[in-house]
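What follows is a single structure, written as structure tokens, with notes after it.
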Amino acid sequence: MFRKVLIANRGEIAIRVMRACRELGIKTVAVYSEVDKNALFAKYADESYPIGPAPASQSYLNMDVILETAHKAGAEGIHPGYGFLSENAEFSNRCEKEGIKFIGPSGKAIESVGSKIAAKKTMAAAGIPIIPGSENGISDLDEARDIAASIGYPVIVKASAGGGGIGMKVVRIEEELIPSIESAQRVAKSSFSDSTVFIEKYLEEPRHIEFQILADSYGNIIHVGDRECSIQRRHQKLIEESPSPVMTPKLRKKMGSDAIKAAAAINYTNAGTIEFLYSKGKYYFLEMNTRLQVEHPITEVVTGVDLAKEQLRIAAGEKLSYEQKDIKQIGWAIECRLNAEDPLNNFTPSPGKLRRYRSSGGPGVRVDSGVHTGFTITPYYDSLISKLTVWGRDRNEAIERMKRALFEYIIVGVTTNIPFHKAVMNNEYFRRGELSTHFIDDHNIIAEVEKVIESEKEKGTTLASALGVEDKKVAAITAAVGSYIRASERK
Ligand code: MV4
């Protein structure tokens, strides 16, 4: 096992990885940007080093300074967390070249699924269902018209190098096809320096279901169950659960074995996720994520597997400590991402200082966070304050527990999306498990959020005076009231 590992990340995920290291007796090295000097993760580590100014391009994305720091500190491995350098093939390769173990997949494996067209081809060849569409990038517009006509409208144009929905366009009628392709190509070119786009059948109300996989260096691959992440906005997930409400033992067996096949097809090692779109009883390979994901806690909570520890074991050359038959999803887990953002203003980030911060606790509650009272959420990084995960014996208990945990959470000083989560937990469609990637719009959740905020207005005002927070314009008392104050300011 490693003696010392550098964590090339910040916030809650840096702490999550360091927790695994501590339990395995591994010394930890944190790297921090100028604005993160006093952040919890920098203090949690055994050693911490500054790596540059706040903008990620000058710190958390700076391979040279991170590798130099790893050498200086004598770290034998680097864990990239998620985001930043986690899916950067060049970084994985550079680590290997410099004799530092990248705690993640090889550069080759990362690259092989970086192009969506190539990934689809590989998966189709491995016998995994893919969404019908053009086999290659669009080069000839007449041919594109023929392909679209043969798969039938609506179709979707996607950037092959894309991510996060960038360069994606839904096309409902033939007249819009060519302009959409040309516009997608322009966006793809400017965002990814690669104008390659392809066409697929557009699925109207799909569910996003993904499988966690673990693969060691001896060819052992297991899946660690499913997650459903349909509730998202602008391609950012907000609520995830495990298992998916539509999962059955039979479907899990089928999708799980396809997920394993997908990993095997690219000689994958370490932790990864196979994403599927699910529609009308059928599922299709969408993408592969070659990292530990934000929502990994729900998998840990229902299976008992410590995914971060497994990653470290795999990277250290050990065999998987589980076989497929050891993996069981027990009960139900839900994660709400608590962000500093305003659900009433298109989920715009609302950075600022946390005047009061107190997380929930008690039975079945897990909190992954890297903040504290007095901490400032800056605009430089994502707006995640905390991941609130609950476990229940069944989905209903998990929902009621989440409602209770959201009630307990106190965040003062920034507007948060807590009222959004409260609204979803009370929504009848959510409670019935009727989800899709268009959930928020389909059920007008924002109107429900306004009602939550209105109903908590009085509670907030009372809390405000109890806490002695004078400047009610800036100070948000509980997340719900935070949104209210921002909303009223705008009126
Ligand atoms: C789709 C789709 C419907 N049909 N592809 C969005 C991000 C990108 N990675 C893939 N995405 C989608 N691809 C076809 N053929 C709908 C989406 C989609 C989506 C997928 C997963 C999670 C959330 C989503 C939100 C909107 C659209």
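No hydrogens, no waters, no symmetry mates; every other heavy atom, side chains included, goes into these values. As the structure lists them, so they are numbered: ligands from 1, and atoms in each ligand from 1.
- Geometric assessment of Arg395 against the ring of Phe430 yields a positive cation-pi assignment under the 6.0 Å and 45° thresholds.
- Remark: of the listed residues Arg337, Lys387, Arg19, Lys387 is the sole one forming a salt bridge (charged side-chain N to carboxylate O under 4.0 Å, His left out) with Glu12.
- Sorted by first then second residue, the side chain to side chain donor-acceptor pair (under 3.5 Å) pairs that include residues 181-200, not counting sequence neighbours, are Lys120-Glu200, Lys158-Glu200, Asp194-Thr196.
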Are there any protein N or O atoms under 3.5 Å from the N or O atoms of ligand 1? List them with distances, or say none.
| from | atom 1 | to | atom 2 | distance (Å) |
| --- | --- | --- | --- | --- |
| ligand 1 | 4 (N) | Leu203 | N | 2.9 |
| ligand 1 | 5 (N) | Lys158 | NZ | 2.9 |
| ligand 1 | 9 (N) | Glu287 | OE2 | 2.4 |
| ligand 1 | 13 (N) | Lys158 | NZ | 3.0 |
| ligand 1 | 15 (N) | Glu200 | OE1 | 2.8 |
| ligand 1 | 15 (N) | Lys201 | O | 2.7 |

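- Residues Asp36 and Tyr60 have side chains that bring a donor and an acceptor to within less than 3.5 angstrom of each other.
- Evaluation of the ring-ring contact (aromatic ring centres under 6.0 Å, His included) rule for His421 yields no partner, not counting sequence neighbours.
- Applying the ring-ring contact (aromatic ring centres under 6.0 Å, His included) rule to Tyr357 yields the partners Tyr409; only residues at least two apart in sequence or on another chain are considered.
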